[in-house]
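In what follows, residues are counted from 1 in the order of the sequence shown. Order of listing sets the numbers, starting from 1, for every ligand and every atom in it.
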Amino acid sequence: MRVLLIGSGAREHALAYSLKSDVQVTELHAAPGNPGIGDIAALHEINQNDPQAVSALAIKIGADLVVIGPEAPLVAGVADAVRSVGIPCFGPSRAAAQIEGSKSFAKEIMASAGVPTAQSFTCNTQEEMERALDSFGAPYVVKNDGLAAGKGVVVTHDRAAALAHGIECGTVVIEEYLDGPEISLFGISDGVTVIGMEPAQDFKRVFDNDEGANTGGMGAYSPLPWAPAEIIKETEERVLLPTIRELAKRDMPFVGLLYAGLAMTARGLRVIEFNARFGDPETEVLLPRLQTPLAQLLFAAATGNLKAQPPLTWSKESAVTVVLASAGYPQDPQVGREISGISEIDKTRIFHGGTTVSGGRLLSSGGRVLAVTGLGSNLANARARSYEAISKVSLAGGHYRKDIALKASMSEKGA
Ligand code: AMP
Ligand code: GLY
């Protein structure tokens, strides 16, 4: 099978690694990719958000499967273009990707499908916003309606700040505050059947103890020793399947990865958000644990054959990933700095996010530079491996959290 992977982050490096490990994959191509992906795939320099450029490349290399990593190409209609030339694609159409691209669309789908989520109002005017804020009270949750790369949500006790965010965005979803730990649970869907993956937890704030600004994600771990045993089944039945059915009913079948961000509240699980693609950095802990061959799984989803798919198999090992970020991330990341000391030690994997090669040197090129995943017999061992490897990397001004999976590792059996 010839596979073309679209994207250039650490998530795509993790996808590339697992695709490459599938014995059925004879050729792996990536566009645009990054230096880490370039070690295991042929790279093609194209604009990943250009539907024609991607479909033309897929034809040129004779791709049997295209896998789309990030949300921007999905929202731009890249999956539609690939399917229209008859090539199976793992990634939803532009219409179905609205589940991530538009918060109000997601809310509408959940309401029709009876999926548990926070109560909310979609507001366009200051008057509507004030009414919604006052009906829920503090803490206030105000979400930009469009794609905002993780920066569109304000959660605050400050009513004036909540209102100011609403006015700045124009159209917002204002909703009830959900209390309780958050988990990420991904469903692989062929448009009809959906298979839940094991849950993971990510760390969104930039500093230890969940302090500082919201980021794209500073680390993650899986499995979750504290999660209810039935969480996968419950999420499939109450969240993933009803959502997939509702989208199919509206003639926008969701073929790809449906990411459910869930809050485990005292009143049960609630959807905080949907994404239309694999999470980053959750993918960097999930895929190293997944034993089911990835290319065959994603091909089955892309061709409507998930019903015949045997249950996913998972390694018993735990995984922890720690993200090395650039100085100034997330507000003002400083790039172009040399990265040295990268060496995968046993049971670790280093996934490139924002890196580039220039003059034979590896330089940072983005806010999140590397995701360093450690595997171990439990979270404590996986953490130790990840932190040992990341401590050997040098990047001027680079920073990472020291507490990824710390609390969970202390709640493990025998800890
Ligand atoms: P989102 O972009 O929807 O994932 O929101 C980003 C973050 O804001 C989430 O991961 C939560 O930590 C927080 N958040 C979003 N919605 C709510 C809510 N209704 N209640 C509490 N926190 C929320
Ligand atoms: N880890 C959060 C996200 O991928 O959106």
Chemist: Sequence neighbours excluded, which residues qualify as side chain to side chain donor-acceptor pair (under 3.5 Å) partners of Gln24?
Modeler: none
Chemist: In this structure, are over 12 heavy atoms from other groups packed under 6.0 Å from Lys402 atom NZ?
Modeler: yes
Chemist: Classify the ring geometry between His13 and Phe351 as parallel (under 30°), tilted (30 to 60°) or perpendicular (over 60°).
Modeler: perpendicular
Chemist: Quick one: which of Glu273, Glu100, Arg205, Lys143 has a heavy atom closest to atom 15 (C) of ligand 1?
Modeler: Lys143
Chemist: Do Glu317 and Lys347 meet the salt-bridge criterion of a basic N to acidic O distance under 4.0 Å?
Modeler: yes
Chemist: Taking the six-membered ring for Trp, are the ring centroids of Phe121 and Phe136 within less than 6.0 Å of each other?
Modeler: yes
Chemist: In terms of atom number and element, which parts of ligand 1 are under 4.0 angstrom from non-hydrogen atoms of Lys103?
Modeler: 1 (P), 2 (O), 3 (O)
Chemist: Show which atoms of ligand 1 fall inside a sub-4.0 Å distance from at least one heavy-atom site of Tyr177.
Modeler: 20 (N), 21 (C)
Chemist: Could you tell me which atoms of ligand 1, counted from 1 in the order shown, lie closer than 4.0 angstrom to a heavy atom of Glu182?
Modeler: 9 (C), 10 (O), 11 (C), 12 (O)
Chemist: Who pairs with Phe105 by ring pair (Phe, Tyr, Trp, His ring centres under 6.0 Å), at least two apart in sequence or on another chain?
Modeler: none
Chemist: Less than 4.0 Å between a side-chain N and a carboxylate O, is that true for Glu71 and Arg277?
Modeler: yes
Chemist: Judged on heavy-atom distance to atom 14 (N) of ligand 1, which of Thr265, Val155, Asn275, Val271 sits nearest?
Modeler: Val155
Chemist: Could you see which bit of Leu178 sits under 4.0 Å from ligand 1, with heavy atoms only: side chain, backbone, both or neither?
Modeler: both
Chemist: Any side-chain donor paired with an acceptor under 3.5 Å for Tyr259 and Glu282?
Modeler: yes
Chemist: Check ligand 2 for close polar pairs with the protein: N or O on both sides, less than 3.5 Å.
Modeler:
{"from": "ligand 2", "atom 1": "1 (N)", "to": "Asp202", "atom 2": "OD2", "distance (Å)": "2.6"}
{"from": "ligand 2", "atom 1": "1 (N)", "to": "Asp280", "atom 2": "O", "distance (Å)": "2.9"}
{"from": "ligand 2", "atom 1": "1 (N)", "to": "Glu282", "atom 2": "OE1", "distance (Å)": "2.8"}
{"from": "ligand 2", "atom 1": "1 (N)", "to": "Glu282", "atom 2": "OE2", "distance (Å)": "3.3"}
{"from": "ligand 2", "atom 1": "4 (O)", "to": "Arg277", "atom 2": "NH1", "distance (Å)": "2.8"}
{"from": "ligand 2", "atom 1": "4 (O)", "to": "Asp280", "atom 2": "N", "distance (Å)": "2.9"}
{"from": "ligand 2", "atom 1": "4 (O)", "to": "Asp280", "atom 2": "O", "distance (Å)": "3.4"}
{"from": "ligand 2", "atom 1": "5 (O)", "to": "Asn275", "atom 2": "ND2", "distance (Å)": "3.4"}
{"from": "ligand 2", "atom 1": "5 (O)", "to": "Arg277", "atom 2": "NH1", "distance (Å)": "3.4"}
{"from": "ligand 2", "atom 1": "5 (O)", "to": "Arg277", "atom 2": "NH2", "distance (Å)": "3.0"}

Chemist: In this structure, which one of Arg401, Lys204, Met218 forms a side chain to side chain contact (heavy atoms under 4.5 Å, CB included) with Asp210?
Modeler: Arg401
Chemist: Go through ligand 1 atom by atom and flag the ones less than 4.0 Å from a non-hydrogen atom of Glu175.
Modeler: 16 (N), 17 (C), 18 (C), 19 (N)
Chemist: Listed by chain and number, what are the side chain to side chain donor-acceptor pair (under 3.5 Å) partners of Thr117, not counting sequence neighbours?
Modeler: Lys107
Chemist: Using a strict 4.0 Å cut-off to heavy atoms of Lys204, name the atoms of ligand 1 that fall inside it.
Modeler: 10 (O)
